[in-house]
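Below: the structure, in structure tokens.
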Amino acid sequence: MSLEEPDDPLATRDVGVTEEGVDYDALADLLGDTVIDRESHVNAEGFVVRPDEVQDALFALRDEAGFDHCACVTAQDYDDRYESIYHLRKYDDPTQEVSVVVPSPKSDPVSQTAEPVYRTADWHEREAYDLVGIDYEGHPDMRRILLPETWQGHPLSQDFSGEEPQVVTLREHANPLADDKRSEDDPDTMFINIGPHHPATHGVLHVETVLDGEQIAHVEPDIGYLHRCEEQMCQQGTYRHQIMPYPDRWDYVSAGILNEWAYARAAEDLADIEVPEYAQVIRTMSAEMSRIAAHMLALGTFALDVFGDFTAVFQYAFRDREVVQDLLEDLTGQRLMFNYLRLGGVAWDLPEPREEFFEKTRDFLDDMPEKLKEYHNLVTSNEIFQMRCVDTGILPPEEAKQYGATGPVARGSGIDYDLRRDDPYGYYSELDWDVVTEDGCDNYARVLCRMQEVEQSARIIEQCVDLLEDWPEDERDIQANVPRTLRPDPDTEIYRAVEAAKGELGIYIRSDGTDKPARFKIRSPCFSNLQTLPVMSEGEFVPDMIASLGSLDIVLGEVDR
Amino acid sequence: MSSDNTRTTKHGAEIESTQEARLGEGVDSRFNSTLREAFGSTPFILTKFDQFMNWVRGSSMFMLQFGIACCSIEMIHTYAIKHDLDRFGAGVPRASPRQADVIIVPGTIVSKFAPRMKRVYDQMPEPKFVVSMGSCTISGGPFQEGYNVVKGAEEVIPVDIHVPGCPPRPEALIYGVAKLQERIANGESAPVTVKPYELEQFGDLEQDELVDKLADQIDEEDLVMRYNWSDSP
């Protein structure tokens, strides 16, 4: 690579980049004969690729056209074929998207794996195999991921009957390194289970760990202990009202409104619904309140992991969460599962008397700088904390991109990626705030990132409160005109994402002309972020692995869905 | 106490050391409590031993630190500041099941987790009590129709108190725990001996199509749990 500045900036541009966005014809030329058909999705064009040429197409798109972020892999079962869709976008500009659609025959659903191109495809394809039943040729580890090993059938395929009995085993202490041992009397490795019931795994995560002395030789997260069929639930519900309660339960640490917004955004773009500006401001404000609550929990539990501190920091964080939850309860009527957003707006206007609500919010915001100072005193400037967190759990930015990491995890590795700014929605583009990035790539950077994001969220809320206070009384439209029964046009497909508390929360919906989605796929940020755990912790000590896990801030409801 | 250390209030009275202040005037009043007065001249209580044990059990319960899903967030709030479950003698959560009396089941139980939860429950020493928190542990809640969801905690372990809600507010959980304490103190909630759902060895299962199919994949010694989804409520 030459160190000289390139003369012509256009020469270094990726294929297919134009001033107006992506030029799909140029991409089609790039892919050449691998493309057998083209589809049009609402968010991007889709190229249909032969199942045995997936890697060629993806390598070309990654290396020549710069699509370095494999956001999601959606698998689905049509009447005549299986289909995997790779949703690609760019970390530099997520509005540039492309889908790679891979059909595979009903009789023999095999397609080539994308794992050598994007490491993140590893888990996504395992999930596709587990739930839909597509086999990926060349995949390094084709096993079930969410359901138990002994599960019969693939629940999201068309021929699955939910009535069948199932047998689930409880096997323990299997040593995954047993076969690799050089000799029978090699005493150096030891297998331990961390979880699924363990205070440091933030829920029901099971981490299979092989130790060499005190160091971690091999770590593998085993998920699926909270797989509650969220996708099936959403496919059973009608667009208008029955789906909205479920997003609250994906990322359940009070981040409900952020999740609801993911569904609202996808469905509104699918059905072409315009949301009134006033409702957008309310959404923005309440979403940022949710973000503060979620980050406070992340901070409190991280301190619990690192200090073993069930006292000061943890309780302070929960004290502040209570304040936010009170505000959100005033607004939405619930402490945790808000169900406040509606397609085309919000459920109701701000609580009366409005002045009281604004005053309470202002009080909360006024206390914020003082409280954050307190946290910095207690946590980030604490020597023990720094010893535990600085330079542990290193996640280099290239690895983070390979694994599709987003949110504070990516921003803590210096990747400047925030959908609120890069793929604007809501009222964010009208407001004055900054995207926080840290270059440390370690546990410390990720925590700093979250704490600074709380400051930014407070800034956003403040501006929203100012706007809402002065909003003329006769222009307070909280809801657009949406048909009672929503039936989007058949065979419309969309992938849309928002910046949730943990990162890019995306939703893929395919409609079939009825009032229920034919396929509803959730791209959860935690699912991708959790894949980076081996990168961060192999070769490190056990307590550093616990710290890394805490700094990833996963929520199992969202990992398993 | 040296005189130069004494401070005076604005009324001019001398403040003594904390210990002295606590003792109050006259004879040591700690021993002259209202309870003592109520006893009269005989400082003895007569009660049945069982009743006494029940009262002790209900007044000091160790909870298991056990988080599953959404409800566990509200459960943490119940333990944390503001609601502070410890006020009711229901303790700080214990991380090990071997130190716990009460398990709060806070969330959806799915097929893969049910045997693990059963195992955690089995590790708790008797007498042990179960509070099931939230709709999911009652019936599967909003996920009842899910292909992977166990329709209530009672399919796996016996439950003493159900707290409905999705999720229940911390106040509701406190009420549930208080009710459990009341029941224990009154001897209404007996230590559990009946276990409605046992883990089975794979070899013990009835030979049907499914078992035949799995026979070469699963060791006969393996513990398994069998779900008959169609029979579930």
Side-chain angles (χ1 to χ4, degrees), chain A residues 146-153 155-156 160 162-172 195-204 206 224-230 232-233 236 245-246 248-249 252-254 297 300-301 310 314-319 321-322 325 334-337 556-557 560, chain B residues 64-74 76-77 79-83 92-93 95 97 107-108 110-120 136 140 142-143 145-149 166-167 169-170 199 202 205 208-211 213-214 217-219 222-231:
Chain A
L146 294 173
L147 293 168
E149 277 292 298
T150 50
W151 194 268
Q152 305 295 308
L156 293 183
F160 181 77
E163 304 287 284
E164 293 165 16
Q166 301 283 351
V167 161
V168 177
T169 59
L170 177 74
R171 194 177 302 178
E172 291 158 286
H197 159 60
H198 189 281
T201 55
H202 294 215
V204 284
H206 176 202
Y225 293 96
L226 193 54
H227 175 55
R228 347 185 235 194
C229 332
E230 302 271 12
Q232 180 207 1
M233 290 297 134
Q236 285 177 0
Y246 284 100
D248 286 322
R249 289 159 179 82
Y252 46 69
V253 285
S254 297
L297 184 109
T301 50
F310 210 62
F314 185 80
Q315 303 285 1
Y316 281 17
F318 273 78
R319 171 200 65 190
R321 267 176 62 86
E322 287 283 356
Q325 282 192 318
Q334 241 280 23
R335 280 170 55 89
L336 205 58
M337 302 298 164
L556 268 298
D560 295 344
Chain B
L64 178 65
Q65 185 179 348
F66 185 68
I68 303 179
C70 333
C71 285
S72 56
I73 302 298
E74 286 296 65
I76 301 171
H77 274 277
Y79 290 136
I81 214 157
K82 183 171 172 183
H83 297 101
V92 178
T108 321
V110 301
S111 69
K112 202 171 172 182
F113 191 64
R116 271 81 187 169
M117 186 177 79
K118 172 87 171 95
R119 182 147 193 105
V120 169
C136 290
F143 305 100
E145 289 163 27
Y147 49 81
N148 192 29
V149 175
C166 191
R169 297 177 61 91
L199 287 175
F202 184 68
L205 289 179
D208 64 0
E209 207 180 321
L210 179 64
V211 171
K213 195 171 172 183
L214 291 171
Q217 289 178 37
I218 305 178
D219 196 332
D222 269 358
L223 292 172
V224 302
M225 191 171 265
R226 191 196 172 92
Y227 303 96
N228 290 318
W229 297 118
S230 47
D231 300 343

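Since the structure is predicted, the reported quantities are computational estimates derived from the model, not experimental observations. Side chains included, hydrogens not; waters and symmetry mates left out as well; all remaining heavy atoms used.
Gln152(A) is linked by a side-chain hydrogen bond (donor to acceptor under 3.5 Å, both in side chains) to Lys213(B), counting only residues two or more places apart in sequence or in another chain. With sequence neighbours excluded, no residue satisfies ring pair (Phe, Tyr, Trp, His ring centres under 6.0 Å) with Tyr316(A).
When every heavy atom of Gln334(A) is checked against every heavy atom of Cys166(B), the shortest pair comes out as NE2-O, 3.5 Å.
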Any chance you could lay out the ring pair (Phe, Tyr, Trp, His ring centres under 6.0 Å) test for Tyr147(B) and His227(A), step after step, and finish with the verdict? CA-CA 10 Å; Tyr147(B) 49 81; His227(A) 175 55; 5.6 Å; yes

Verdict with reasoning, Arg335(A) to Arg169(B), per side-chain contact (heavy atoms from CB on, under 4.5 Å): CA-CA 8 Å; Arg335(A) 280 170 55 89; Arg169(B) 297 177 61 91; 3.6 Å; yes

Would you check, one step at a time, whether the test side-chain contact (heavy atoms from CB on, under 4.5 Å) holds for Gln166(A) with Ser111(B)? CA-CA 9 Å; Gln166(A) 301 283 351; Ser111(B) 69; over 6 Å; no

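With a threshold of 4.5 angstrom between heavy atoms, Leu336(A) approaches chain B through side-chain atoms but not through N, CA, C or O. Proximity to chain A (any heavy atom under 4.5 Å) is restricted, for Leu214(B), to the side chain, taken from C-beta onward. Proximity to chain B (any heavy atom under 4.5 Å) is shown, for Leu147(A), by both the backbone and the side chain. When heavy atoms are compared at a cutoff of 4.5 Å, Leu210(B) approaches chain A solely by way of its side chain, counted from C-beta outward. Heavy-atom distances place both the backbone and the side chain of Arg319(A) under 4.5 Å from chain B. Only the side chain of Gln236(A) comes within less than 4.5 Å of a heavy atom of chain B; its backbone N, CA, C and O stay farther away.
Looking only at distances, a side-chain donor or acceptor of Gln232(A) sits under 3.5 Å from a matching main-chain atom of Glu145(B). Side-chain atoms of Asp222(B) do not come within 3.5 Å of backbone N or O of Thr169(A) as any donor-acceptor pair. Under the 3.5 Å distance criterion, the side-chain polar atoms of Tyr246(A) are matched with a main-chain donor or acceptor of Pro142(B).
Residues His77(B) and Arg321(A) bring a donor and an acceptor atom of their side chains to less than 3.5 Å of each other.
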